[in-house]
Amino acid sequence: MMKRQAELAQMYGVYGFSFYYYWFNGERLLEQPLEMFLKNKDIKIPFALCWANENWTKRFDGTNEDILMKQPNTIESYKNVIHDMVRFLEDERYIEIKGKKMITVYRPSLMPRVKEVLKYWRNEAKAQGVGELYIVAVKENMVDVDWLKEGYDALSEFHPGTVYTQCTKINDRIDCIRSDFAGEIFSYEDLVKNKKYFNYSLPKLYRAVMPMWDNTARRNNKGMIFHGASPALYKEWLKDVIRENIDKDNVDINMVFVNAWNEWGEGTYLEPDRFYGYAYLQATKEAVEECRSF
């Protein structure tokens with residue numbers, strides 16, 4: 001099944017997978033898919049790690065914010081994670097940018113003594129024979145830090161967290177089935193047609209897109225919904241950011257993150273479903289191919 005997923009992704013223009021990596025000072029969660037992938041060398045798709053360095057709470061299912069697994073915030077814990085990452089970085093399929101192994105940090109603002117930790121990671125990677133690292137900080141909403149000065153090589157978006165503050169809220173235009181709905185509903189069409197993802201920019205920022213978003217499956221009546229998403233609008237957004245990369249001279253590669261391949265709990269995915277079939281995958285392929293002659 002995993003091999004077929006990788007083949008399907010590559011058939012439709014997806015270069016590689018960025019796996020969520022849950023590590024809590026030596027303890028792992030949701031580790032089996034990644035471990036299975038690592039062991040199965042017949043799956044040829046490139047991959048990288050995105051460390052989800054935050055507490056694991058009940059908030060994921062909309063009940064409350066009780067902590068189920070705490071992410072230690074000690075400098076020792078943040079340094080030690082690189083020791084487990086090495087075995088993934090050594091894999092020949094691991095994604096490189098300019099010859100450097102890419103690692104993404106989901107919540108850079110939670111890292112203590114950033115410069116010291118990142119320097120330790122880089123030194124340890126070299127000592128273990130992995131080579132140099134290309135470390136990417138996710139742009140967090142409402143966090144105003146120059147991560148490049150702190151030692152990161154680049155930044156990336158992660159939607160909807162990066163973009164939702166730019167979006168038009170349309171709760172008053174939607175007749176909800178549940179009268180107690182207390183979440184937020186945004187216009188996907190307004191986001192794309194008015195190019196609101198270009199309302200901000202930063203040096204060495206890799207853009208991201210999301211096919212759609214509806215996490216009420218997890219958050220119940222307090223979810224976030226992007227209403228009106230479609231393969232055509234997603235394709236337009238994807239083409240916009242690919243073309244922006246072509247024009248920019250401050251990124252090292254024409255790379256765009258897509259959230260996500262199969263984030264079913266958040267209602268954002270490229271995998272085929274019964275409603276759209278292969279439409280989102282086809283939109284991805286067309287966007288990539290149409291931008292090659294741009």
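Since the structure is predicted, the reported quantities are computational estimates derived from the model, not experimental observations.
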- Message: Show, in sequence, the C-alpha distance, side-chain angles and deciding distance for N53 and Y78, and conclude whether the side-chain hydrogen bond (donor to acceptor under 3.5 Å, both in side chains) test is met.
- Response: CA-CA 9 Å; N53 61 314; Y78 269 80; 3.2 Å; yes
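- Proximity of M255 to M102: side-chain heavy atoms (C-beta onward) are separated by under 4.5 Å at one or more points.
- Annotation: salt bridge (charged side-chain N to carboxylate O under 4.0 Å, His left out) contacts of D190 (sequence neighbours excluded): K196.
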- ring-ring contact (aromatic ring centres under 6.0 Å, His included) evaluation trace for F19 with W51: CA-CA 8 Å; F19 284 93; W51 183 25; over 10 Å; no
- Task: Decide side-chain contact (heavy atoms from CB on, under 4.5 Å) for Y197 and D240; before the verdict, give the C-alpha distance in whole Å, the side-chain angles of both, and the deciding distance to 0.1 Å.
- Result: CA-CA 10 Å; Y197 33 80; D240 282 346; 2.6 Å; yes
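- The hydrophobic clustering, which links ILVMFWY residues whose side-chain heavy atoms are closer than 4.5 Å, places I97 and V138 apart.
- In this structure, the side chains of I103 and M85 come closer than 4.5 Å at one or more pairs of heavy atoms.
- Test Y15, Y134, Y206 against I253 for side-chain contact (heavy atoms from CB on, under 4.5 Å) and you get one pass: Y206.
- For the pair Y188 (side chain) and P211 (backbone), a donor-acceptor distance under 3.5 Å is present.
- Annotation for M69: atom CE counts as buried by contact number, over 12 foreign heavy atoms lying within 6.0 Å.
- In the hydrophobic clustering of this structure, L238 does not group with V251; members are Ile, Leu, Val, Met, Phe, Trp, Tyr whose side-chain heavy atoms approach within less than 4.5 Å, directly or through other members.
- Under a cut-off of 6.0 angstrom, the local environment of NZ in K195 is crowded, with over 12 non-hydrogen atoms contributed by other residues, nucleotides or ligands.
- Note on residues 30-47: pairs passing side-chain hydrogen bond (donor to acceptor under 3.5 Å, both in side chains), not counting sequence neighbours, are R28-E35, E35-R87, K41-D91.
- Checking side-chain atoms of T268 against main-chain N and O of N259 turns up a donor-acceptor pair under 3.5 Å.
- The closest donor-acceptor contact from the side chain of N141 to the backbone of T162 lies at 3.5 Å or more, if one exists at all.
- The line from CE of M224 to SG of C167 is 8.5 Å long, rounded to the nearest 0.5 Å.
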- Message: Before you tell me yes or no, could you show the steps for W23 and N80 under side-chain contact (heavy atoms from CB on, under 4.5 Å), namely the whole-Å CA-CA distance, both residues' side-chain angles and the distance that decides it to 0.1 Å?
- Response: CA-CA 10 Å; W23 188 91; N80 287 338; 4.0 Å; yes
- Where do Q166 and N199 land on the side-chain hydrogen bond (donor to acceptor under 3.5 Å, both in side chains) test, with the steps shown first? CA-CA 7 Å; Q166 307 293 327; N199 283 359; 3.0 Å; yes
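- Checking side-chain atoms of E140 against main-chain N and O of S109 turns up a donor-acceptor pair under 3.5 Å.
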- Go through L68 and T57 one step at a time and tell me if the side-chain contact (heavy atoms from CB on, under 4.5 Å) criterion holds. CA-CA 5 Å; L68 301 177; T57 71; 5.7 Å; no
- Begin from the C-alpha positions of W56 and Y22 and carry the test ring-ring contact (aromatic ring centres under 6.0 Å, His included) through to its verdict. CA-CA 9 Å; W56 188 278; Y22 300 96; 5.2 Å; yes
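- Ring pair W213/H227: centre-to-centre distance not below 6.0 Å.
- Hydrophobic clustering of Ile, Leu, Val, Met, Phe, Trp and Tyr side chains at less than 4.5 Å, counting indirect connections, keeps V136 apart from L205.
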- Query: Going through the checks in order, is the side-chain contact (heavy atoms from CB on, under 4.5 Å) test met by E7 and K3?
  - Reply: CA-CA 6 Å; E7 292 171 346; K3 185 176 181 181; 3.6 Å; yes
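- For the pair R207 and Y200, the cation-pi criterion (under 6.0 Å, within 45° of the ring axis) is fulfilled.
- Put simply, the side chain of S230 gets close to the backbone of L233: a donor and an acceptor are under 3.5 Å apart.
- A salt bridge links K79 to E116: one of the charged nitrogens lies within less than 4.0 Å of a carboxylate oxygen.
- In this pair, Y106 and Y20 present their aromatic rings perpendicular. The plane angle is above 60°, beyond the 30 to 60° band.
- Under the 3.5 Å distance criterion, the side-chain polar atoms of N215 are left unmatched by any main-chain donor or acceptor of G223.
- Hydrophobic clustering (ILVMFWY, side-chain heavy atoms < 4.5 Å, transitive): F37 and M1 are in distinct clusters.
- Looking at N254 and K248, their side chains never come closer than 4.5 Å, going by heavy atoms from C-beta outward.
- Partner of H159 under the side-chain contact (heavy atoms from CB on, under 4.5 Å) criterion, out of F226, W237, Y164: W237 alone.
- Taking the side chain as every heavy atom from C-beta outward, K139 and W147 never approach each other to under 4.5 Å.
- Inspection of the D84 and Y21 side chains reveals an N or O donor paired with an N or O acceptor under 3.5 Å.
- Taking the six-membered ring wherever Trp is involved, the centroid distance between the rings of F257 and F158 does not fall below 6.0 Å.
- Salt bridge annotation for E236-K193: present, with a cationic side-chain nitrogen under 4.0 angstrom from a carboxylate oxygen.
- Between W261 and Y269, the ring centre distance reaches or exceeds 6.0 Å.
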- Task: Kindly indicate, with the supporting measurements, whether the criterion side-chain hydrogen bond (donor to acceptor under 3.5 Å, both in side chains) is fulfilled by R178 and N220.
- Result: CA-CA 10 Å; R178 290 184 57 164; N220 203 349; 2.6 Å; yes
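- The environment of CD in E92 is sparse: at most 12 heavy-atom neighbours from other residues, nucleotides or ligands sit within 6.0 Å.
- No path of Ile, Leu, Val, Met, Phe, Trp and Tyr side chains, each step under 4.5 Å between heavy atoms, connects Y280 with I225, placing them in separate hydrophobic clusters.
- Between F17 and F47, the gap from one ring centroid to the other reaches at least 6.0 Å.
- The closest side-chain donor-acceptor pair between T216 and D214 falls under 3.5 angstrom.
- Between D153 and R122, at least one side-chain nitrogen of the basic residue sits less than 4.0 Å from a carboxylate oxygen of the acidic one, meeting the salt-bridge criterion.
- The shortest distance between side-chain heavy atoms of I75 and M111 does not fall below 4.5 Å.
- In this structure, E157 contributes its side chain and A208 its backbone to a donor-acceptor pair below 3.5 Å.
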